[in-house]
Undergrad: 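Structure below; questions to follow.
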Amino acid sequence: MSAKEHSGDYFIPDPSPWPIIGMFSLLITLFGGALAMNGVSLGSYLVVAGLLMFFYLLYGWFRDVIKENLSDCYNRQVDTSFRMGMFWFIASEVFFFLSFFGALYYIRNIALPWLGGDGYLGVTNEILYHGFENVWPSHGPGELGGEFQPMGAWGIPAINTLILLTSGATITWAHWGLKMDNQKQLVNGLIATIALGVFFVILQAYEYGHAYQELNLTLETGAYGSTFYMLTGFHGFHVTMGAVMLMAILGRSMKSHFSSHNHFAFEAVAWYWHFVDVVWLGLFVFVYWL
Amino acid sequence: MTTTTLNHDEAHHHDMPTGWRRWLFSTNHKDIGTLYLLFALIMLFIGGASAMLIRLELFQPGIQLLDPDLYNNLVTNHALIMIFGAVMPAAAGLANWMIPMMIGAPDMALPRMNNLSFWILPAAATMLILSFVVPFFPGGGTQINTGWTLYPPLSVQVGMSMDFLIFAIHLLGISSVLASINIIVTLLNMRAPGMTLMTMPMFCWTWLVTAFLLILVVPVLAGGVTMLLFDRHFGTSFFDAAGGGDPVLFQHLFWFFGHPEVYILLLPSIGVLSHVIPAFSRKPLFGYKSMVGAMLTVATIGMVVWAHHQYTIGMSLGAVTYFMIGTILISIPVGLMIFNFIATMWRGAMTFETPMLFAVAIVLMFTFGGLSGVMLAVVPADMQYHDSMFVVAHFHYVLMPGAVFGLFAGVFYWLPKWTGHMYDETLGKIFFWTNVIGFNITFFPQHFLGLAGMPRRIVDYNMMFTEFNVISSIGAIIFGLSHLLLLYIVIKTIRGGKKAESRAWEGAKGLEWELDSPPAFHTWTVAPQIK
Amino acid sequence: MSATQQLINNQSYKLKTASLTGILVAGMFFADISRAEYGINFPPPAADVAQEIYDIHMLTMQITTVLLLIVFGFVFYSLYYHRKSRGFQADQNFHNSWFGNWSWVVVPVMVLGVDLTIAGKADAVLKKVWDVPKEENILDVKVTGHQWWWEFDYLDHDIKVESRYVPEKESGDLYLREVDNRLVLPTGQKIRFLHTSADVLHAFWVPELAVKKDAIPGYVTETWAELNREGVFRGQCAELCGTWHSRMPIVVESVSPQQFAAWVDDQKAIKVAAAAEASADKTWSLDELMAKGKTLYDTKCAACHQVSGMGLPPAFPGLKGSAMVTGPIEAHLEIVIKGKEGTAMQPWGSLNDLEIAAIVTYERNAWDNNTGDVVQPSDVKQAR
Ligand code: HEA
Ligand code: HEA
Ligand code: CUA
Ligand SMILES: [Cu+2]
């Protein structure tokens, strides 16, 4: 699979089965998901099958990419394409998160004040919810989910902030190692980053357990519970994905796949990790702190 | 624009894959483009068939063919299939075919991902169609009777079919985001040496802006429907006042996507026109720079005026005034585009082949639709128009000419390039006239219906609305049948016809016309030098 | 007199209508050849603000018509003269002329001018229309949308009107435009509408009043109007609200203040009588309850469960032979009183004990359900 075999100097991959497999894996997963949510038991098996297929696809696709990369198929221009692609992918993710931050903003600053009697639709309060006061955290005039306590900012969340910030530093350190062809620093930096990431996820899971059992803070806890779990949940999911990607990169680093001038995969994952980091800062400020 | 190197493609015929693998595993932009176009054509017919059922039901007052829920489910599917299944994929098909050829690139920047973004579409279509079919099975829950806007709490009441639809929307979103990434990267990174952003063909510019819009707004829709899914199944209360949420929040999320979406539908067609009109006026595009500027302005303003779909939800005076003025101001850049088209025709030497006929029809009829848009933008008046048939008339007048006719124009314009054959011009003209006349008979009377007080999305109506509905339905049948002619013309052209030259049209300019018709499997394997 | 004729006869409309070009002319042509009750434009307003809205609608329509004609004019001129077949040579330097270089400024400035004209005019109207005037003796009417009927609460008079569509048999030509109980409103007094909903989104729309507002469950939105003439004005629900969205007409009956006062007294008397009947300590017979129950069922429940009791599965379960309806009375009472959350089945607890007893008795014995159960108001009281 050498570049020469292909047309011109821009690498055009051979026909590949992975996209079709990707299509089927997504279809099966989501089809199963829709069934499972409506209590059809077949659904959950399909979800598992679809996800397995998806991971197989990721494995296969990236295996091809790595093979092509190692046989020098990719020139500068291809590398730039990958970089730009990753950049715009992250941009789309930013907007995905923005929709949840936007929801939080809207509920806190527009909807709840109305329900509480302020602002343009304040008459709502007078007609429908006499006596309801708007204080955040809120589970609404219907007091959905019952009595609860909010999640404080200065316990685990603060620790998690430190963890993620540190992990941002360690991955940069690993990147320096890579740039200086210092494999040891690269590997150590990655291991530290992964460890921090995993630690973060564990703490987050612990925090959820705490919230469910002791604070009675659940998904059903009105607007506060909804936004809290949605934002932190999607973020946690991204951290998990990031950690998996870091592990793949670690494996490749150990096999010395990267050189100081050819390591797009590493950079892509690093960008992703920084993105996850920044989102967390937003979460910390808007979900936990303010 | 001239090139110094000509194409060196003949040498590469040997690595063209054959059989089903060629299509399923493809990494070739032309094949994927063909797949996109084919998919769009099929979806046009499915979406059109549901439109025909809608019009048949509305032919007379009373409930003849369709249960109310089935009717509304057809409306929902009609809209989603047309927008996400027909128009967007067709535009993406044109992009796939033409962008690499226009900018002198060997292929799209990320060819394998290109195939993925196409193949997710059939999966999405499957989920969409399942959402329609599931309620017919015992235990399958209720029909989706919400319209394409999926407003809660109605969409929370619907049964499991809604979950299929939500996932279909996720898939459509993934597909368009991937496709957009690919197009942006291709345009930014793959232009032939010497071609700058400000000299690249206008179609490329329109798609660049479209792709940006898609990347920015589609994820928001995905987020919105995800919250809807959670409200339905996991007890959250984003859209439930009892928990402190607000049903209107969903509307904001939807239209934050939905309004830019209409420009996503519009812009690629504007791009096509920017090639068709100069070609048949034999004169360069008037105002290239102002066109680019106008487009960027439309995209920017378009992102911040979404709430003009929600004037009636109870917004403060300040908010409606802002959204009204923002919306009305969009007429400036769009007006500039229309002006540039007219100025391109002005003092040209025009001939009227089918693509040009469609182009002229667009300039006239899109303007009409756009102007009724400005009427809708006026808040006090929209207190009357909102959710009436007047709105339906407005958006078909912008969607059909603005999006679909533009795609037709593109198809006729480039069909000789793709197939190597000229289409049958007489049939093309017959198609144009039946299509345009049918279109106007269908949708013009709907303005009156709306003003007289007929709401949209109703299965049954009072006698006083009969006449215009009859006219509209008759028009729709003419209009619908005319598409069979389109199908025939396309098939006929693929199978044979007068041989097309490389430069199929006298006035056509651009790199794509320097390639053979049909072009080799791999083109521009050596990038042309642009002087 | 039909709406169109009224429109044409009215002097001020005549002038405006006459000044309309293309669009309306074509429309008028169709209107003439068609039969009565025909509309091509908004019906004549019945309130001052509605008149303002009507005027701004006509204004923008005229402006846009003129713009359209300009565009058509240039295009057709060009299509005719600048054709290759007429031997016209393309002017390759047109875009390099002075005009070509500056049109990107000239055109936007001109369009901006038109835009500001429209926006300025609209803004002035908006200021008058938008916010409810702060006035002491404003009449508060709370409008609640239900699937699929309207509830009108006269907050100042403590009366409530339930308004439902009337089937074709009884309404004839006014099918889908006629209701059983109209929204009666006085002229010459400012009215504040407070819109809300019990289930999904609806929208209150009566073109003559020109106020359209969404009814949002859990929120209250406001509009206002002051009627300036008597008459009957018809509108429809204008926000998709599920299966029978088409069957939510609104009929406003605009009457003089004196008539309104009389109507209010009537309603109060009816209310008192009904309350007395319900609380009378009486044991009702099966037949009495069945008769009462049938009327109530047919108006309140049949929209979903159908007169035949067959429902419209899967959306609405049939009650004929249903396990719930032929099973224990408690569960049956419970779902009727409390409804079922997340479905279209709303709580009916606001009905009085007698009404619920009658409906439940009816359901348990109609359509061959024949359970023989008789549910008394006292049972309902207990179940609450
Ligand atoms: C291709 C799709 C498309 C396009 C391009 C547009 C373009 C515009 N639309 Fe439209 N619109 C839709 C598709 C589109 N729309 C759809 C699908 C809906 C309904 C969705 C639903 O509810 O289901 C909708 C609904 C809709 C509404 C909501 C109505 C309601 O529900 O109450 C409004 C309100 O402001 C509106 C306004 C506009 C405006 C101002 C433009 C402007 O961009 C138009 C600009 C163009 C011109 C103005 C003409 C050319 C300009 C000149 C000749 C210059 C001179 C002009 C002036 C000085 C005014 N549209
Ligand atoms: C790009 C988008 C697009 C396109 C192309 C169309 C195309 C058409 N639409 Fe569109 N429509 C929407 C987008 C679109 N629509 C949207 C967004 C809505 C709002 C939905 C909502 O309220 O939620 C809507 C709603 C809508 C309504 C309003 C329903 C209601 O509110 O109650 C109506 C009614 O007339 C209608 C009619 C038509 C017709 C007749 C066509 C025709 O153009 C279709 C023509 C095409 C064909 C017919 C296909 C090809 C031919 C055949 C299949 C051969 C067979 C033909 C015969 C048997 C005659 N549409
Ligand atoms: Cu109520 Cu539509
Ligand atoms: Cu819009």
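Convention: sequence-line order gives letters A, B, ...; per-chain numbering from 1.
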Undergrad: Looking at the rings of B:Y288 and C:H95, which for Trp means the six-membered one, are their centres under 6.0 Å apart?
TA: no
Undergrad: For the rings on C:H245 and C:W148, is their centre-to-centre separation under 6.0 Å?
TA: no
Undergrad: Most heavy-atom pairs under 4.5 angstrom with chain C, which of B:F339, B:F341, B:Y461?
TA: B:F339
Undergrad: Measuring heavy-atom distances to chain B, does C:I56 have an atom under 4.5 Å in its side chain, in its backbone, in both, or in neither?
TA: side chain
Undergrad: With only heavy atoms counted, which part of B:Y311 is less than 4.5 Å from chain C, the side chain, the backbone, both or neither?
TA: backbone
Undergrad: Please determine, among C:S197, C:A119, C:P207, C:C237, the option with the most heavy-atom pairs under 4.5 Å with chain B.
TA: C:P207
Undergrad: Under 3.5 Å, is there a donor-acceptor pair between the C:Q92 and B:R282 side chains?
TA: no
Undergrad: Considering only heavy atoms, which portion of B:V158 lies under 4.5 Å from any heavy atom of chain C: side chain, backbone, both, or neither?
TA: neither
Undergrad: So which residue, B:A343, B:A241, B:P68, ends up with the most heavy-atom pairs under 4.5 Å with chain C?
TA: B:P68
Undergrad: Is a side-chain donor-acceptor pair under 3.5 Å present for B:Q143 with B:N73?
TA: yes
Undergrad: Among C:S85, C:A122, C:G87, C:A50, which has the most heavy-atom pairs under 4.5 Å with chain B?
TA: C:A122
Undergrad: Between C:F42 and B:Y385 (judged by ring centroids, cut-off 6.0 Å), do the two rings come close enough to count as a pair?
TA: yes
Undergrad: Report which part of B:I325 has an atom under 4.5 Å of a heavy atom belonging to chain C: side chain, backbone, both, or neither.
TA: side chain
Undergrad: Supply the atom-to-atom distance B:I328 CD1 to B:F323 CZ, rounded to the nearest 0.5 angstrom.
TA: 14.0 Å
Undergrad: Among B:T312, B:V360, B:N340, B:T142, which residue forms the greatest number of heavy-atom pairs with chain C at distances under 4.5 Å?
TA: B:T312
Undergrad: Heavy atoms only, distances under 4.5 angstrom: which of C:W104, C:F99, C:Y175, C:Y219 has the most pairs with chain B? Name it, please.
TA: C:Y219
Undergrad: So what's closer than 4.5 Å to chain C heavy atoms on B:A242: side chain, backbone, both or neither?
TA: neither
Undergrad: Any side-chain heavy atom of B:S388 sitting closer than 4.5 Å to one from C:W205?
TA: yes
Undergrad: Can you tell me how the ring of B:F448 sits relative to the ring of B:F444, calling it parallel under 30°, perpendicular over 60° and tilted otherwise?
TA: perpendicular
Undergrad: Pick one of side chain, backbone, both or neither for B:I63, based on which atoms fall under 4.5 Å of a heavy atom in chain C.
TA: side chain
Undergrad: Would you mind checking which part of C:L116 comes under 4.5 Å of any heavy atom in chain B, side chain (CB onward), backbone (N, CA, C, O), both or neither?
TA: neither
Undergrad: Do C:R83 and C:Y80 meet the cation-pi criteria used here (NZ or CZ under 6.0 Å from the six-membered ring centre, within 45° of the axis)?
TA: yes
Undergrad: Counting only heavy atoms closer than 4.5 Å, note whether C:A203 contacts chain B via side chain, backbone, both or neither.
TA: neither
Undergrad: Below 4.5 Å from any heavy atom of chain C, which atoms of B:T149 appear? Answer side chain, backbone, both or neither.
TA: neither
Undergrad: Kindly indicate whether a cation-pi arrangement holds for C:K213 with C:W224, taking the cut-offs as under 6.0 Å to the six-membered ring centre and within 45° of the axis.
TA: no
Undergrad: Examine C:F74 together with B:W346 and report whether their ring centres are nearer than 6.0 Å.
TA: yes
Undergrad: Give the intermediate values and the outcome of side-chain hydrogen bond (donor to acceptor under 3.5 Å, both in side chains) for residues C:T221 and C:D214.
TA: CA-CA 7 Å; C:T221 51; C:D214 289 4; over 6 Å; no
Undergrad: For C:Y77 together with C:Y81, are the ring centres under 6.0 Å from each other?
TA: yes
Undergrad: At a heavy-atom separation under 4.5 Å, does B:R232 approach chain C through its side chain, its backbone, both, or neither?
TA: neither
Undergrad: Specify which of C:V211, C:L79, C:D123, C:L67 makes the most heavy-atom pairs with chain B at under 4.5 Å.
TA: C:L79
Undergrad: Go through the atoms of C:Q89 and report whether side chain, backbone, both or neither lie under 4.5 Å from a heavy atom of chain B.
TA: backbone
Undergrad: Of all of B:T146, B:I338, B:T344, which one pairs up most often with chain C through heavy atoms under 4.5 Å apart?
TA: B:T146
Undergrad: For B:T367, is it the side chain, the backbone, both, or neither that has a heavy atom closer than 4.5 Å to a heavy atom of chain C?
TA: both
Undergrad: What part of C:L201 lies closer than 4.5 angstrom to a heavy atom of chain B: side chain, backbone, both or neither?
TA: both
Undergrad: Go through the atoms of B:N72 and report whether side chain, backbone, both or neither lie under 4.5 Å from a heavy atom of chain C.
TA: side chain
Undergrad: Could you tell me whether the side chains of B:D460 and C:S246 share a donor-acceptor contact shorter than 3.5 Å?
TA: no
Undergrad: Flag the pair C:E208 and C:R234 as a salt bridge only when some basic side-chain nitrogen lies within less than 4.0 angstrom of an acidic carboxylate oxygen.
TA: no
Undergrad: How about B:Y397 and B:H447: are their ring centroids closer than 6.0 Å?
TA: yes
Undergrad: So which residue, C:T223, C:T60, C:D115, ends up with the most heavy-atom pairs under 4.5 Å with chain B?
TA: C:D115
Undergrad: Taking side chain as everything from C-beta outward and backbone as N, CA, C, O, which of these in B:F352 sits under 4.5 Å from a heavy atom of chain C? Side chain, backbone, both or neither.
TA: side chain
Undergrad: Just say parallel, tilted or perpendicular for the rings of C:F88 and C:H82, cut-offs at 30° and 60°.
TA: tilted
Undergrad: Which bit of C:D173 comes within less than 4.5 Å of chain B, counting heavy atoms only: side chain, backbone, both or neither?
TA: both
Undergrad: Does the side chain of B:Y151 reach to within under 4.5 Å of the side chain of C:E239, using non-hydrogen atoms?
TA: yes
Undergrad: At a 4.5 Å cut-off on heavy atoms, which part of B:V459 comes close to chain C: side chain, backbone, both, or neither?
TA: both
Undergrad: Looking only at heavy atoms and a cut-off of under 4.5 Å, which of B:G159, B:G507, B:P247 has the most pairs with chain C?
TA: B:P247
Undergrad: With a 4.5 angstrom heavy-atom cut-off, which part of B:D246 approaches chain C: side chain, backbone, both or neither?
TA: both
Undergrad: Counting heavy-atom pairs under 4.5 Å with chain C, which one of B:V378, B:L285, B:I313, B:D240 comes out on top?
TA: B:I313
Undergrad: Using heavy-atom distances under 4.5 Å, tell me whether B:P152 contacts chain C through its side chain, its backbone, both, or neither.
TA: backbone
Undergrad: Which bit of B:M345 is near chain C, if near means a heavy-atom gap under 4.5 Å: side chain, backbone, both or neither?
TA: both
Undergrad: With chain B, which of C:P249, C:P217, C:G218, C:S171 has the greatest number of heavy-atom pairs at distances under 4.5 Å?
TA: C:P217
Undergrad: What part of C:Q147 gets within 4.5 angstrom of chain B, counting heavy atoms only: side chain, backbone, both, or neither?
TA: side chain
